[in-house]
Amino acid sequence: MKKKLQFDYKVLIAVAVFLVTTAIMFWGQISGDSFFWEDFVEQVYPLQNYAAVESSSGIVPFWNPYTFSGMPFLADPQVGFYYPLNRAMDFFVHDGVLTSNALQLLIILHFFLAQLTMFLLIRSLKLNFAGALIGAIGYSFSMIFVCHVFHPMMIYHFAWFPLAFLFFKKALDKRKIYYALWSGLILAMMLLSGHPQTTLYLLLFLFLYFVWDLVANLWKKEFKKKNDIILYLGSAAVAVAIAAGIYMIQYMPSKEMFGYSVRQESTQKTSAEGSLEYKQLLQTFLPKVFGYINADNTQEAQFTLMTNDKEAPYYYYWDTAFYFGIGIFILGLIAIMAMWRQRMIGFLLFISIFGVLFALGSNFFIHGLFYNLPLFGTFRMPARIMIFAVFGFSILAAYGADYLSTMKVSKPAMKYLIISVAIPALFGILALTNILQGMLDTPAENIDFVSSQGMNTLIFSVLVFVCGYFMLKSKLTRTIPAFVLASVIFIDLLLVGGDFNKGKQSAEDAYALAPEQKAMFIPSDINNLFRVNTRIPKYGVMSMKRNQGMVDRIMMLEGYNPLNLKLRMPPAPTKSDVYDLMNTKFELLVDLQQQRVYYTEKNTRLPRFWLTGNCEVKSQNAIERTMKANEVDLHYTALLEENPNIGQNPPGPVKGNVRVKEYKSNHISLSVKNDRKAILIASEVWYPAWKVYIDGKETKMYRADYCLRGAVVPSGVHQVEFKYESSAYKAGSTIALITLCLTIISIILMSIKRKKIAKENKNA
């Protein structure tokens, strides 16, 4: 009992420490003085705002009618709709808008969780308390974390992965399905947070660990009993199967969406975009050796990196950042030199090296080998796999701290400490004396700044040496120098990344529109629906934020999302024709003479829903050619890919009208009155999950005018409904629900059995 209380006491101390470090790193956001920026504002906030607003109203948002004239929403994995903590945002919707501070705090919470889960993982490896603190801090405030706060889906993956790995490793070590169940649940939650590239990399990490550990077990003949290897393989399979089964609720609708989305043709060259340059490995010791970027553009040295004889784009700064601290490197190197024969040390060294070599992308052959495997060629930015090195060295640093805390002053221990400190110190001196800048052709305006970075590296190397020396020398307690070392590592990371996310404008302010402009762009009633053109690419003009529609319920032609549908804009001969067909009321124009941007109202636009008695049946390619050549007046004739069998209609327009009874994200209800059999055209983007019902009976929905929806309506008065009903989602959610229920039931039953066995052993 005493041991348990002591452990709980240390966990409480760790929690307190992690709360303090998280608060210090993000005090600007917590206090409301600064704000997250870049993709947080442009994509993350509008996505989560729309998800939370719809979900808080009891709606599962399958469709988003406010971006790109309409597109699937829940099927987009970036949304992470079923990630449990994302749904906590439903409680922070006020006046129809998600409070951006709540979303910022959710992201910040994951930095605390990352420290806690890494701490628990390290402690499970039987390493001391101080080492666990050090490893957790180095992992969670490394630059691959800090520089991706505006890609929180990555942060969520990173935060839960140590715990998933803990249970995965425990399942293999103990050959226990019980731990595999927990690993599968945590992995599933991690996957649902929504970043396929990070999912792929972290599953690769688990696979490599599984192979490493399996080979080691076979080599050392550790499978003693007949069923040992079966339980071992079964534990790994169960963890992955549970994660995959629960993830089906996202995977299956996403797979459906990918089949209809714009997917850039991937080549080995494009997939290697964002490769780490060899010279960028200097960032291990000099994180800003090539300059840097921050939210308010106040950096002392502009980021400048030459790659393939071209200047790298600005976003390479955060997509190739990985710095985890001088102290973490030194302690990790000590562990490697002192304990390289240990199985876990060997794996952590291997995975760190593998991560670096893969991150080099086109500069090394490993990425090219993986490009030919399924999925790996789909993603850019291979430098993001540096999470392997960050993860590996964070745990190695814990081993190194544990080593210094348990060893006495000896020649081997001092030798390891001196060698480890000498490496970053050497690079610090090279930068301080401007030798390194000459080797790198550093721009003249950055030379003094890099020199100051060299001084920082030298100072922190000395501080780590002093702390390490006292950890070795202390006769009474080594806790104090270990805590000082943890503080030094945190301060190092705080100085490097502390100002990166201090934006000056909140997301709400970024999306603020004048009341009169907002009133102009939002339809006053559902029978006067319309869209708005907000962008002129030729002149680089945007009248509002790219995803403004999801925040203010403005139906926009444009948006910002890499997963656009391929067939979303008709290939009409002129821009004006396109806008008419897409029910666009306001067109954005530029007056070059007066240097102004203004809106014009289009009176020629077609309504959102209209009737026609004429159609031509052509192939998709023929429809595209016909529309481009302006061979058909689309106001009166529908172009279909299949024969609707409406028969011969008399000349003239169809007499009738269409009234909108209800217009929601997943459901549209219409009352249609017409004097003869006709085709109802909806200026809504076609997607296979949409179904059409007439008087409650499902009927065929046609793809009309290249990318719109069409249905044949008999003469008379009828009730027509468009409903989003995805068979892929139904199948995926069913599989996920069954998997989740079976997993929870299994955990409960196994927990009862474990308690029973423990009680029997105690009584025996």
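Values in this document were obtained by computation on a predicted structure and should not be read as measured data.
- Open room surrounds CE on M455; 12 or fewer heavy atoms of other groups in view lie less than 6.0 Å from it.
- Side-chain N or O atoms of S461 include one that pairs as donor or acceptor with a backbone N or O of T457 at under 3.5 Å.
- A distance of 5.5 Å separates CG of N446 from OG1 of T304, quoted to the nearest 0.5 Å.
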Evaluate the side chain to side chain contact (heavy atoms under 4.5 Å, CB included) criterion for residues L436 and L286: first the C-alpha distance (whole Å), next the side-chain angles of each, then the deciding distance (0.1 Å), finally the verdict. CA-CA 11 Å; L436 188 64; L286 300 159; 3.3 Å; yes
Report, one line per pair, each donor and acceptor closer than 3.5 Å where one atom sits in a side chain of residues 345-360; sequence neighbours left out.
unit_1, atom_1, unit_2, atom_2, d
S352, OG, L348, O, 2.7

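- The two residues P382 and E273 make their nearest non-hydrogen contact at CD-O, 3.3 Å.
- Counting only distance, with no hydrogens or angles, the side chain of Q78 and the backbone of P562 share no donor-acceptor pair below 3.5 Å.
- Under the salt bridge (charged side-chain N to carboxylate O under 4.0 Å, His left out) criterion, D319 pairs with R384, not counting sequence neighbours.
- By the 4.5 Å heavy-atom criterion applied to side chains, Q302 and N297 are counted as neighbours.
- Atom CZ in R546 sits 4.5 Å away from atom CD in E42 (nearest 0.5 Å).
- Atom CG of L125 sits about 5.5 Å away from atom CG of L127, to the nearest 0.5 Å.
- For the pair I423/F285, a side-chain contact is recorded, criterion being any heavy-atom separation below 4.5 Å from C-beta on.
- Heavy-atom minimum distance, G468 versus L417: C-CD2, 3.9 Å.
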Donor-acceptor contacts under 3.5 Å from residues 104-116 side chains, at least two apart:
unit_1, atom_1, unit_2, atom_2, d
Q104, OE1, F36, N, 2.8
Q104, NE2, N101, OD1, 3.4
H110, ND1, L106, O, 2.8
H110, NE2, Y83, OH, 2.5
Q115, OE1, T21, OG1, 2.7
Q115, NE2, F18, O, 3.4
Q115, NE2, T21, OG1, 3.4
Q115, NE2, T22, OG1, 2.9
Q115, NE2, F111, O, 3.3

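- Within 6.0 Å of atom NZ in K279, more than 12 heavy atoms from other residues, nucleotides or ligands are found, so the atom counts as buried in its surroundings.
- Ring geometry for F150 against H148 counts as perpendicular: the plane angle is over 60°, on a 0 to 90° scale with 30° as the lower cut.
- Using a 4.5 Å cut-off on side-chain heavy atoms (C-beta onward), M386 and T320 make no contact.
- The side chain to side chain donor-acceptor pair (under 3.5 Å) pairs that include a residue from residues 358-374 number zero, where partners must be two or more places apart or lie in different chains.
- Between A398 and I122, the shortest heavy-atom distance links the atoms CB-CG2, 3.5 Å.
- By the salt bridge (charged side-chain N to carboxylate O under 4.0 Å, His left out) test, K288 pairs with no residue at all, sequence neighbours left out.
- Using bins of under 30°, 30° to 60° and over 60° for the plane-to-plane angle, the ring pair F388/F205 lands in the perpendicular bin.
- Judged by distance alone, the side chain of Q437 and the main-chain N or O of I447 form a donor-acceptor pair under 3.5 Å.
- For G454 against A431, the heavy-atom pair with the smallest separation is CA-CB, 3.7 Å.
- The two atoms that bring V79 and Q48 nearest to each other are O-NE2, 2.8 Å, heavy atoms only.
- Rounding to the nearest 0.5 Å gives a distance of 11.5 Å between CD1 of I385 and CG of L276.
- Under a 3.5 Å cut-off, the side chain of N547 and the backbone N or O of Y560 do form a donor-acceptor pair.
- Taking the side chain as every heavy atom from C-beta outward, Y316 and F303 approach each other to under 4.5 Å.
- Side-chain contact between M143 and Y317 is present, with at least one heavy-atom pair separated by less than 4.5 Å.
- Here the side chains of F161 and T198 are not in contact, with every heavy-atom distance at 4.5 Å or above.
- Across all their heavy atoms, Y315 and M381 have their closest contact at CE1-CE, 3.3 Å.
- Using a 4.5 Å heavy-atom threshold, the side chains of F165 and L206 count as touching.
- Ring centroids of F370 and Y201 are separated by 6.0 Å or more, keeping the two rings apart.
- If you look at F391 and Y139, their ring centroids are closer than 6.0 Å.
- Panel note: side chain Y292, backbone E300; a donor-acceptor pair is recorded below 3.5 Å.
- A heavy-atom distance below 4.5 Å is not found between the side chains of H195 and Y156.
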Distance-only donor-acceptor hits, side chain of residues 491-501, under 3.5 Å, sequence neighbours excluded:
unit_1, atom_1, unit_2, atom_2, d
D492, OD1, Y323, OH, 3.0
D492, OD2, Y323, OH, 2.6
D492, OD2, I326, N, 3.0
D499, OD2, N294, ND2, 3.2
N501, OD1, W37, NE1, 3.3
N501, ND2, V146, O, 3.0

